[in-house]
Structure formats: structure tokens, C-alpha cells
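The structure under discussion appears below in the form of C-alpha cells.
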Amino acid sequence: MPELPEVETTRRGVAPHVVGQVVSRLVVRDRRLRWPVQQGLEDIVGGQAVLAVDRRAKYLLFRMERGSLMLHLGMSGSLRVLLEPAPPRLHDHLELILSSGASLRYTDPRRFGSLHWLPGESASHPLLCRLGPEPLAEQFQGDYLHSLGRGRRSSVKSFIMDASVVVGVGNIYACEALHVAGIHPARAAGRIGRERYQRLAVAIRAVLEQAIAAGGTTLRDFVGAGGQPGYFSQALRVYGRAGEPCLRCAAPVRVQRLAQRSTYYCAACQH
DNA sequence: CCGGACGCCTGTCGGC
DNA sequence: TGCCGACAGGCGTCCG
């Protein structure tokens with residue numbers, strides 16, 4: 001489910017409730033996530049204070065005194081703040097109980113999410129060390145995409161969804177950014193000029209920032225830390241709009257499978 | 001090295 | 001109404 005804006009929305013919603021708190025208890029109700037949750041993690045985490053909540057790519061990083069908890073929301077995960085205890089429901093797999101009495105509850109029907117413990121300063125976890133730049137960082141520019149894309153024959157859509165190229169861009173925002181930039185999603189990454197990559201980089205950043213401002217996109221089950229849906233669904237230009245008129249030129253939005261993912265675009269104004 | 005296909009899971013929806 | 005296949009916001013792994 002969540003792409004970068006949904007993870008960032010979650011981070012912002014959760015941080016005020018956890019930073020400065022001590023974890024009185026971690027409850028693991030189901031260890032069977034994407035990777036089994038490490039045995040004994042409860043003992044490691046219990047008693048430690050949370051110093052900060054960061055985000056790297058689509059991972060949430062709870063910085064603690066002796067290391068970091070790294071949480072991924074997978075395809076269907078969400079993390080909510082509970083201000084007082086409430087009985088767990090189906091698919092409520094994790095709970096971080098805080099000294100304030102509040103808790104963070106992780107719900108994930110498909111269990112594609114994950115929870116890891118990174119001891120100490122270990123910033124070089126195998127899942128983190130090959131990641132590309134953050135799309136909202138200064139150094140993410142069209143020139144970077146242009147030089148990295150040189151010679152690549154894969155579609156530009158797969159290219160920008162590749163986390164070793166740039167992180168955080170999933171299926172929705174790849175479609176949206178390509179529409180804003182006027183680039184056809186199936187065009188080979190190596191056959192796009194510097195100017196158009198500049199436009200694409202700007203479009204990626206703009207779309208992600210707008211989505212963050214709207215609290216993310218809710219299609220089915222995404223909710224922010226307070227349980228609220230994301231309102232960027234209202235602002236989607238092409239995603240999920242097959243057959244409806246393109247907002248720029250009124251031609252019908254098309255959908256095609258590209259690398260196993262539904263890809264929405266306007267054949268009239270994306271080239 | 002690169003790119004595409006697969007599989008992990010559960011829930012939902014559309015068609016028959 | 002019930003069943004069945006397709007599909008869903010991610011991503012590591014495997015194979016050609």
C-alpha cells in the first residue's frame with residue numbers, strides 16, 4: 001500500500017506521541033511478517049527510550065538508545081496511535097506500548113511488512129545499503145536520472161520505481177509523475193533527454209510533496225496515525241481513472257500492464 | 001549487469 | 001447466492 005507519502009504521513013502522525021517516551025513493552029502477536037520477527041526482540045526494545053522517528057525510503061526508523069527499530073508497512077500495513085488500551089483485532093500483529101499509556105499498533109492483513117532491529121549505528125543493513133537517493137533531497141535532479149538512465153532499455157516507469165535509482169516512488173506516484181511530466185510510461189529509460197528528465201524529477205518531487213500535504217492516498221485501507229484516510233485520492237490525475245477523460249487534454253485515460261503492474265496514462269499527451 | 005517474472009499473503013470485486 | 005479468477009499501494013530472489 002504505502003508509498004513514500006503514506007509512510008511520511010505516518011511518521012509525522014506518530015512522532016509526537018513516541019519521541020521522548022520509554023517503550024514499556026513490545027507485544028508481538030504474530031511474528032510471521034515478510035521476514036519472521038526476531039525472537040527476543042521484546043527484551044531488546046523494552047525499557048529503551050525513543051529518541052527520534054526517521055524515515056529512509058519506505059522504512060520507518062525508531063531511533064532508540066541502543067539501536068533502531070526498522071518498520072516497513074509492506075502493501076497493506078498501517079500504524080496507528082492508540083491513546084488508551086483497546087482489544088486487538090484480526091491482523092493487529094505488533095504493539096509498542098509506551099510509558100505514557102499510549103501505544104502504536106501495527107495492522108497488516110497481507111503481512112508483507114517487516115520489523116527489524118538494527119543494533120547501534122548500523123546504517124548499513126542489507127535492506128538499506130543499496131538504496132538510491134531520497135526524491136525530496138536536493139541532490140535528486142534530472143541530470144542524475146539522465147546519466148543513470150543512459151543505455152537502459154527498461155521502461156522509464158520501471159526505472160523510477162527501482163529503489164536503487166530513487167526511493168519511495170511506487171505504482172501510483174510513478175503513474176502520476178509521468179503524466180505530469182508528459183512522458184509515456186513504456187518509453188525506454190535510455191531514450192529520454194536531459195530536459196525531459198529534468199521535468200520528470202520536478203514532477204516526482206511535486207507529486208510526492210502534494211500527496212504528503214494531503215495526508216497520502218487512501219485506496220482501500222491506508223489510514224494515518226490517527227486513523228484518518230489520505231485525501232490525495234481526490235487529486236489523482238490518471239491512477240485508477242481508466243476510460244475517464246485526461247484532465248489535461250480530455251482523451252480517455254488508458255491502462256496497460258507494464259512489468260506486472262497496472263499502468264495508467266494518457267496516450268494523447270504522454271510521449 | 002540488466003530486466004522481467006515469480007512468490008509471499010489476505011481481502012475484495014466482477015463475472016458467470 | 002456461491003464460486004473462481006484477477007487484482008491490489010512492495011520488493012527480494014531467481015533466471016535467462
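Each chain gets a letter, A, B and so on, in the order its sequence line appears, and its residues count up from 1.
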Ignoring backbone atoms, test whether [X] places a side-chain nitrogen or oxygen under 4.0 Å from the OP1 or OP2 oxygen of [N].
X	N	value
A:Arg111	B:dT10	yes
A:Arg150	B:dC2	no
A:His91	B:dG11	yes
A:Ser76	C:dG9	no
A:Arg261	C:dG10	yes

Q: Take atom CG of A:Leu73 and atom P of C:dC11, then tell me their distance rounded to the nearest Å.
A: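 Distance check: A:Leu73 CG to C:dC11 P gives 10 Å.
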
Q) How many Å lie between CG on A:Asp108 and C1' on B:dC8, as a whole number? A) 12 Å

Identify which nucleotide among [options] has an atom closest to any side-chain atom of [X], counting heavy atoms from C-beta outward.
X	options	value
A:Gln260	B:dC6, C:dA8, C:dG9	B:dC6
A:Leu127	C:dG12, B:dG3, B:dG11	C:dG12
A:Lys58	B:dC8, C:dC11, C:dC7	C:dC11

Q: Could you please spell out the steps behind the ring pair (Phe, Tyr, Trp, His ring centres under 6.0 Å) verdict for A:Tyr265 and A:His184?
A: CA-CA 7 Å; A:Tyr265 66 102; A:His184 195 292; 4.6 Å; yes

Q | For B:dC9, the Watson-Crick or wobble partner whose two distances fall under 3.5 Å | A | none

Q: Indicate, with a heavy-atom threshold strictly under 4.0 Å, whether A:Tyr173 touches base, sugar-phosphate, or nothing.
A: nothing

Q) Less than 4.0 Å between a side-chain N and a carboxylate O, is that true for A:Asp54 and A:Arg63? A) yes

